[in-house]
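What follows is one structure encoded as structure tokens, with my remarks underneath.
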Amino acid sequence: KIRAIIVTMNVRFQNSNLLVYLFICNLSLSCVAISSPNIILILADDVGWSDFGYNSPESPIPTPFIDSLAKQGTTLSQYYTHSLCTPSRASLLTGLYHVNTGLNFVLVPGTPAGLSSETVTLPEILKEHGNYSTKMVGKWHLGHAQHQMTPVGKGFESFTGIYTWDTDSYTKQTYEEPWKRALMIDWISESDNGTFTHYAEPRHSTTVITEVAQASIRAAGREQENGGRPLFLYVPFTAAHSPLQPLPEHAEKCTHIPHLWRRQFCGMVVGLDEGIRNITETALEVFGNNTIVVVTSDNGGSPWFGGMNAPLRGSKSTPYEGGVRVPALIVDFSTPREVPVGDVLSFDGKMHVSDWLPTLTSMAGIPANKLPATLDGVDLSNYLRNPIRACEESISKLEASCEGPRTEVLLEMWEVGDTAFGEELDAYILGDYKLINGIVRDENYYQESSGYFLKTATPRIASYAMETLIRGLEVLIGEGPFDVVRIILTHKVFQRYLTEGQLRGLEPTLRLYNLKNDPTEAHNLALSLFQPGKFGALKDPADLSAEEKHYVEIIDTIKARLEGIRNRKPPIQKVAMQMHLDRWKETFVPGDCSMNPNIAAKDCRFTHSWVDDSDDPWNETLISADEYTNQKLNTLKINVIMAVITSVLTTLLLWFVLVFKRQ
């Protein structure tokens with residue numbers, strides 16, 4: 001009765017919902033006490049440094065619930081990922097740098113690449129050594145050519161969501177060419193007992209991911225009432241990745257934002273905030289304070305798709321801070337907070353996405369000797385649960401700082417042939433210094449726009465032209481069907497144009513920054529090492545000042561670290577190689593589309609694993625994504641030219657008709 005009365009109360013004060021749920025669970029028999037914490041790991045997609053309110057008070061995007069979580073737990077001020085989604089997701093679930101998973105770039109459609117059968121994952125460890133129930137709802141994007149690469153093949157007992165990357169929020173369809181029928185539908189609900197169902201889920205992706213996650217929590221609660229296991233629930237949302245298709249009720253909260261893409265992105269994040277609220281409140285209602293909630297993002301935001309990283313430089317797909325430094329927070333409701341609720345508690349040391357595996361397994365009570373011996377991740381559980389106490393212990397041990405054990409981070413390592421970009425790039429942080437060596441696709445600073453076009457520190461006519469083209473084509477074709485082409489136009493065509501100065505030796509490709517003194521990476525310390533006007537030629541060592549010699553020592557030290565990683569890493573999977581999509585289409589399977597009136601019967605086909613686990617998925621005849629994309633760009637050019645010709649002819653015809661009528 002007490003529980004029913006409290007649930008119906010509409011109490012509104014700061015953090016009231018969370019506090020009420022904790023109080024309810026102390027009185028309710030439905031909140032089961034088990035020794036290991038229930039862990040909810042929530043991953044946003046393409047959310048940048050200034051896209052959550054708690055992390056950027058100037059952000060125009062309302063995220064009240066995420067902001068309230070930040071005031072209940074520990075925020076991470078130097079949390080790093082890799083610059084693209086597949087590498088970060090691989091690192092998150094394996095505790096390894098992306099190059100040590102073999103997946104250092106985005107998986108393209110129809111690729112045989114994926115997590116290898118030898119790679120141990122976070123859910124596998126939690127299930128085997130912590131007796132956890134492991135569930136996943138959302139976006140995988142770590143390969144599904146073979147069943148053993150899929151979520152249920154890598155340690156999750158159940159999975160509902162998408163295998164790939166870029167799906168329509170309502171139909172879950174992916175498109176090869178926007179002027180053709182959809183390539184396929186990507187949605188599955190499967191279990192590790194071998195059962196699965198493909199169906200055309202009609203609900204918005206954010207809505208269905210939230211509701212299935214809530215159902216998973218409630219099911220786990222019922223099992224725990226009967227002596228069941230603790231829950232590890234991984235919820236990688238598809239939001240706020242494009243296509244930018246917010247629900248109308250979420251878009252209504254963003255009408256104050258003038259720029260179209262930013263306004264659409266805002267609606268996606270508002271939906272994300274609501275989904276995280278619903279999942280968290282359900283977890284607290286069911287599990288009580290025996291709950292850990294993590295909220296973070298896979299990589300920096302892309303301003304060309306509505307994200308924002310200001311004041312940091314760069315964006316998604318770049319190793320600048322804007323591409324790899326993202327919001328992150330953790331709330332351990334089972335541990336008393338060191339400061340009052342509402343006060344900010346921040347861990348200011350470095351943390352990398354690979355650190356979640358040893359950190360969360362430690363919080364789950366799993367001994368370190370049960371983990372793989374060659375992890376790149378570091379256990380930061382003490383610093384995240386009690387950063388103040390951990391700092392005091394560090395001081396008592398005469399350690400140099402309170403910033404934790406991680407002092408180095410590998411951010412990027414691309415070699416020619418590894419990626420669809422076809423360029424070399426290394427990026428590494430050592431202490432306060434960061435080295436970026438190679439071609440960077442977008443070196444811009446972006447700010448909140450107050451007008452029609454994106455706002456950058458260095459405006460370009462080409463930028464305005466590309467933005468106008470993309471907007472026009474999206475209106476004509478639609479967000480979902482056009483999105484793959486939009487990604488190609490942005491990341492392959494326009495960002496390739498931005499690298500011309502670097503490729504021609506007119507701009508430096510060796511960069512060294514002191515992040516402590518220069519967190520926005522405005523001052524390249526390596527510039528003074530070059531001969532005047534020659535970015536490809538370094539000064540004679542005898543001509544260097546003492547300070548410049550110090551910079552050379554730092555660069556050489558970091559390059560040695562990079563070379564050590566390069567020599568030890570396993571072979572990189574050629575993730576930019578794919579089956580020709582005409583061949584890939586032959587592997588699609590039928591499903592149930594009766595519940596979604598937006599899907600035609602001829603389009604009711606789904607992607608599914610197509611190679612037996614005992615076979616070699618690389619035996620297929622493959623084509624590089626770069627070559628395939630060039631083919632599609634040529635087709636796009638032809639179609640755009642034909643559309644322009646058709647428009648001109650139509651206009652002339654209408655003009656002649658009007659003239660004829662007047663006569």
Side-chain angles (χ1 to χ4, degrees), residues 6 11-28 31-42 52-57 63-79 217 230-233 273 276-296 327-351 355-356 358-365 378-396 401-405:
I6 296 177
V11 183
R12 295 295 176 192
F13 54 89
Q14 188 174 29
N15 305 313
S16 62
N17 286 342
L18 301 184
L19 295 173
V20 166
Y21 277 120
L22 292 177
F23 176 59
I24 291 169
C25 290
N26 286 331
L27 301 174
S28 171
C31 294
V32 182
I34 55 176
S35 57
S36 299
N38 298 282
I39 301 171
I40 317 294
L41 175 55
I42 299 173
F52 288 160
Y54 83 87
N55 208 46
S56 178
T63 54
F65 187 78
I66 295 172
D67 298 347
S68 73
L69 277 183
K71 295 176 181 178
Q72 304 229 18
T74 302
T75 60
L76 312 176
S77 65
Q78 290 193 78
Y79 175 72
I217 292 168
L231 174 67
F232 170 60
L233 177 62
D273 184 72
I276 293 172
R277 182 197 71 197
N278 292 341
I279 291 170
T280 304
E281 291 183 348
T282 300
L284 293 173
E285 179 182 1
V286 172
F287 302 135
N289 60 0
N290 194 27
T291 304
I292 294 173
V293 175
V294 174
V295 178
T296 186
L329 64 88
I330 180 170
V331 188
D332 182 355
F333 292 97
S334 67
T335 302
R337 204 162 185 261
E338 294 180 310
V339 298
V341 170
D343 290 351
V344 174
L345 184 61
S346 174
F347 171 58
D348 297 325
K350 294 178 181 64
M351 181 173 182
D355 298 335
W356 285 118
T359 298
L360 292 178
T361 52
S362 175
M363 289 180 166
V378 176
D379 177 13
L380 295 171
S381 55
N382 289 338
Y383 289 88
L384 302 192
R385 273 179 162 156
N386 301 292
I388 296 175
R389 187 174 69 191
C391 175
E392 292 171 348
E393 291 175 354
S394 296
I395 293 173
S396 68
S401 72
C402 299
E403 295 188 351

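Taking CG of Leu380 as the start and NZ of Lys350 as the end, the distance is 12.0 Å to the nearest 0.5 Å. Summarising the geometry, atom CD1 belonging to Ile330 is positioned 7.5 Å from atom CG belonging to Leu76; distances are rounded to the nearest 0.5 Å. To the nearest 0.5 Å, atom CD1 of residue Ile39 and atom OG1 of residue Thr291 are 10.0 Å apart. To the nearest 0.5 angstrom, Asp355 atom CG is 8.0 Å from Tyr79 atom OH.
Of all the heavy atoms in Phe52 and Pro327, the pair that sits closest is CD1-CB, 3.8 Å. Here the closest heavy-atom approach between residue Pro37 and residue Pro230 is recorded as O-CB, 4.1 Å.
Judged by distance alone, with hydrogens and angles left aside, the side-chain atoms of Thr74 form a donor-acceptor pair with the main-chain N or O of Leu384 at under 3.5 Å. Not a single donor-acceptor pair under 3.5 Å links the side chain of Thr359 to the backbone N or O of Asp379. Side-chain atoms of Asn38 come within 3.5 Å of backbone N or O of Asn290 as a donor-acceptor pair. In this structure, the side chain of Asp273 engages the main chain of Phe65 through a donor-acceptor pair within 3.5 Å. Under a 3.5 Å cut-off, the side chain of Arg337 and the backbone N or O of Asp343 do form a donor-acceptor pair.
Side-chain contact between Pro358 and Val378 is absent, with no heavy atoms from C-beta onward closer than 4.5 Å. At a threshold of 4.5 Å between non-hydrogen side-chain atoms, the residues Leu231 and Ile217 count as touching. Between Ile40 and Ile279, some side-chain heavy-atom pair lies under the 4.5 Å cut-off. Thr75 has its side chain out of reach of Leu345: every pair of non-hydrogen atoms, C-beta onward, lies at least 4.5 Å apart.
Under the 3.5 Å distance criterion, with hydrogens and angles disregarded, a donor-acceptor pair is assigned to the side chains of Asp348 and Ser77.
Considering only residues two or more places apart in sequence or on other chains, Asp332 meets the salt bridge (Lys or Arg N to Asp or Glu O under 4.0 Å) condition with Arg385.
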